[in-house]
Amino acid sequence: MKEWGKRRRQRKVRPGDGRAFVPMQWWHVLHRSAFHLELPVSDGAAGGPDEARPTVDYQVDVDHFSAEFEASLYREGRQVGVGASPAAFSVRGGVVEFAASLYGLKRMHYVPDDGGPTRMLEPDPRSMEGLRAEFDRRRPRASRAVGWAAVVILVVGLVVGGLQLAEVVSRWDVVPESWGVFISPVTLPGWANVTLTVAAVGAALERALTLRHHWLLDGGLGDFD
């Protein structure tokens, strides 16, 4: 099933037109993400372990405002493939799996064909994901605190929202006859609901910047979940 899914996502990729990769600029951060991947061309056995191995550089450029949430694969700065989420780009020795969530990205990982460890691509330092990664390197404790706060906010929002939604549904004409009316133990005023909603959106964006995704917390059950 995994191989079938990979082949299906690979078929979604169409050839690129050879255009040049445009370096990230600060004004691109609201509509674009970029990631980099460097892979060895050979295993270096002939030259010994201390010899520098030649590499091939890949870039993945994501357009957040594209109609189908598309990403482009560049090899040595030239576009070689374009695919809509979820997609799998063929690269040397494996594939790059790309998928979007409701709030950004949930997967941008290199998966080797030989079953080796999967790793996330390096975000461009001038992208939002790159700035978030730099914050994690400089302030690891604060970064972990922000990550846990995002989880707590989403859990609270899920529980409170679920209870309030259950009460609304239980008041539909057909439901009370069979199950009765459910009264939520938690009722928030309008301003508190708005505040919790805004906080939940911010928490989901924070998780998207670190490519953390859980189908229940972040929504969008599908490929790679």
Side-chain angles (χ1 to χ4, degrees), residues 21-40 55 57-66 69 71-74 77 85-86 89 91 94 96-112 116-161 188 191-221 223-225:
F21 175 77
V22 178
M24 281 285 301
Q25 303 296 335
W26 67 267
W27 57 85
H28 295 160
V29 296
L30 295 180
H31 70 87
R32 182 182 172 209
S33 296
F35 294 80
H36 301 273
L37 174 67
E38 186 178 81
L39 295 174
T55 60
D57 296 321
Y58 294 94
Q59 301 85 31
V60 181
D61 192 354
V62 182
D63 182 0
H64 294 279
F65 289 168
S66 59
F69 212 115
S72 299
L73 176 71
Y74 293 76
S85 171
F89 296 104
V91 296
V96 170
E97 294 181 341
F98 150 69
S101 70
L102 295 175
Y103 298 96
L105 298 176
K106 66 178 180 180
R107 191 162 181 84
M108 185 65 72
H109 289 70
Y110 170 64
V111 182
T118 298
R119 73 175 190 268
M120 192 180 102
L121 274 63
E122 186 70 23
D124 190 287
R126 283 171 288 191
S127 67
M128 290 294 289
E129 292 84 0
L131 295 173
R132 179 63 180 84
E134 179 64 18
F135 173 68
D136 182 66
R137 285 190 289 268
R138 290 179 176 271
R139 300 286 189 272
R141 291 184 179 179
S143 176
R144 285 194 295 271
V146 171
W148 279 109
V151 172
V152 170
I153 290 171
L154 289 173
V155 170
V156 171
L158 185 66
V159 172
V160 173
L188 299 180
W191 66 266
N193 276 318
V194 171
T195 301
L196 183 58
T197 300
V198 172
V201 171
L205 290 172
E206 143 66 21
R207 285 173 58 79
L209 290 178
T210 55
L211 275 70
R212 292 186 176 94
H213 185 271
H214 185 275
W215 66 269
L216 182 59
L217 292 179
D218 304 287
L221 178 63
D223 284 45
F224 308 116
D225 285 312

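This one's a predicted model, so the numbers in the text were calculated from it and none came from an experiment. By convention here, the first residue in the shown sequence is residue 1. Below, all heavy atoms of this structure are taken into account, side chains as well, without hydrogens, waters or symmetry copies.
- Residues Ala71 and Val62 approach most closely at CB-CG2, 4.0 Å, considering heavy atoms.
- Between Leu39 and Thr55 there is no side-chain heavy-atom pair separated by less than 4.5 Å.
- Qualifying side chain to side chain donor-acceptor pair (under 3.5 Å) partners for Arg212, counting only residues two or more places apart in sequence or in other chains: Thr210.
- In this structure a side-chain-to-backbone donor-acceptor pair under 3.5 Å is present from Gln59 to Gly77.
- Residues meeting the side-chain contact (heavy atoms from CB on, under 4.5 Å) test with Leu196, sequence neighbours left out: Val156, Val160, Leu188.
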- Task: Kindly determine whether Asp57 and His36 satisfy side-chain hydrogen bond (donor to acceptor under 3.5 Å, both in side chains), including the steps that lead there.
- Result: CA-CA 7 Å; Asp57 296 321; His36 301 273; over 6 Å; no
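- A 4.5 Å side-chain heavy-atom check between Phe35 and Leu211 finds at least one atom pair inside the cut-off.
- Residues passing the side-chain contact (heavy atoms from CB on, under 4.5 Å) test with Thr118 are Arg107, His109, Val111, sequence neighbours excluded.
- Take Leu216 and apply the side-chain contact (heavy atoms from CB on, under 4.5 Å) test, not counting sequence neighbours, and it matches Leu158, His214.
- Counting only heavy atoms from C-beta outward, the side chains of Leu209 and Leu205 never approach each other to under 4.5 Å.
- Residue pairs meeting the salt bridge (charged side-chain N to carboxylate O under 4.0 Å, His left out) criterion with at least one partner in residues 24-35, sequence neighbours excluded, are Arg32-Asp61.
- At distances below 3.5 Å, at least one donor-acceptor pair connects side-chain atoms of Thr197 with backbone N or O atoms of Asn193.
- Around CE of Met128, the count of heavy atoms belonging to other residues, nucleotides or ligands within 6.0 Å does not exceed 12.
- Distance check, rounded to the nearest 0.5 Å: CH2 of Trp215 to OG of Ser101 gives 15.5 Å.
- Taking 4.5 Å as the limit, some side-chain heavy atom of Ser85 sits within range of a side-chain heavy atom of Phe98.
- Heavy-atom minimum distance, Ser127 versus Ala34: OG-O, 4.0 Å.
- Under the side chain to side chain donor-acceptor pair (under 3.5 Å) criterion, Ser33 pairs with His64, Glu129, sequence neighbours left out.
- In this view, Tyr110 satisfies the ring pair (Phe, Tyr, Trp, His ring centres under 6.0 Å) rule with no residue, not counting sequence neighbours.
- Between the CZ atom of Arg119 and the CG atom of Leu37 there is a distance of 5.5 Å, given to the nearest 0.5 Å.
- Contact record, Arg126 with Val29: O-CG1, 3.1 Å, taken as the closest heavy-atom pair.
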Quick one: side chains of residues 143-150, donor-acceptor pairs under 3.5 Å with protein atoms, not counting sequence neighbours, listed by atom name and distance.
unit_1 : atom_1 : unit_2 : atom_2 : d
Ser143 : OG     : Arg132 : NH1    : 2.9
Ser143 : OG     : Arg132 : NH2    : 3.2
Ser143 : OG     : Asp136 : OD1    : 2.7

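- Taking all atoms of both residues into account, the shortest heavy-atom contact from Ala200 to Leu154 is O-CD2, 3.6 Å.
- Under a 4.0 Å N-O distance rule, the pair Arg207/Asp218 qualifies as a salt bridge.
- In terms of the side chain to side chain donor-acceptor pair (under 3.5 Å) criterion, Asp63 has no residue partners (sequence neighbours excluded).
- A search for ring pair (Phe, Tyr, Trp, His ring centres under 6.0 Å) contacts involving His28 returns His31, not counting sequence neighbours.
- By the salt bridge (Lys or Arg N to Asp or Glu O under 4.0 Å) test, Arg138 is found to be paired with Glu134, residues two or more places apart in sequence or in another chain being considered.
- With sequence neighbours left out, the ring pair (Phe, Tyr, Trp, His ring centres under 6.0 Å) criterion links Tyr58 to no other residue.
- Gly116 approaches Pro112 most closely through the heavy-atom pair O-CD, 3.7 Å.
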- Task: Decide side chain to side chain contact (heavy atoms under 4.5 Å, CB included) for Leu105 and Phe69; before the verdict, give the C-alpha distance in whole Å, the side-chain angles of both, and the deciding distance to 0.1 Å.
- Result: CA-CA 10 Å; Leu105 298 176; Phe69 212 115; 3.8 Å; yes
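- Of the inter-residue distances, the one linking Phe65 atom CZ with Leu30 atom CG reads 7.0 Å to the nearest 0.5 angstrom.
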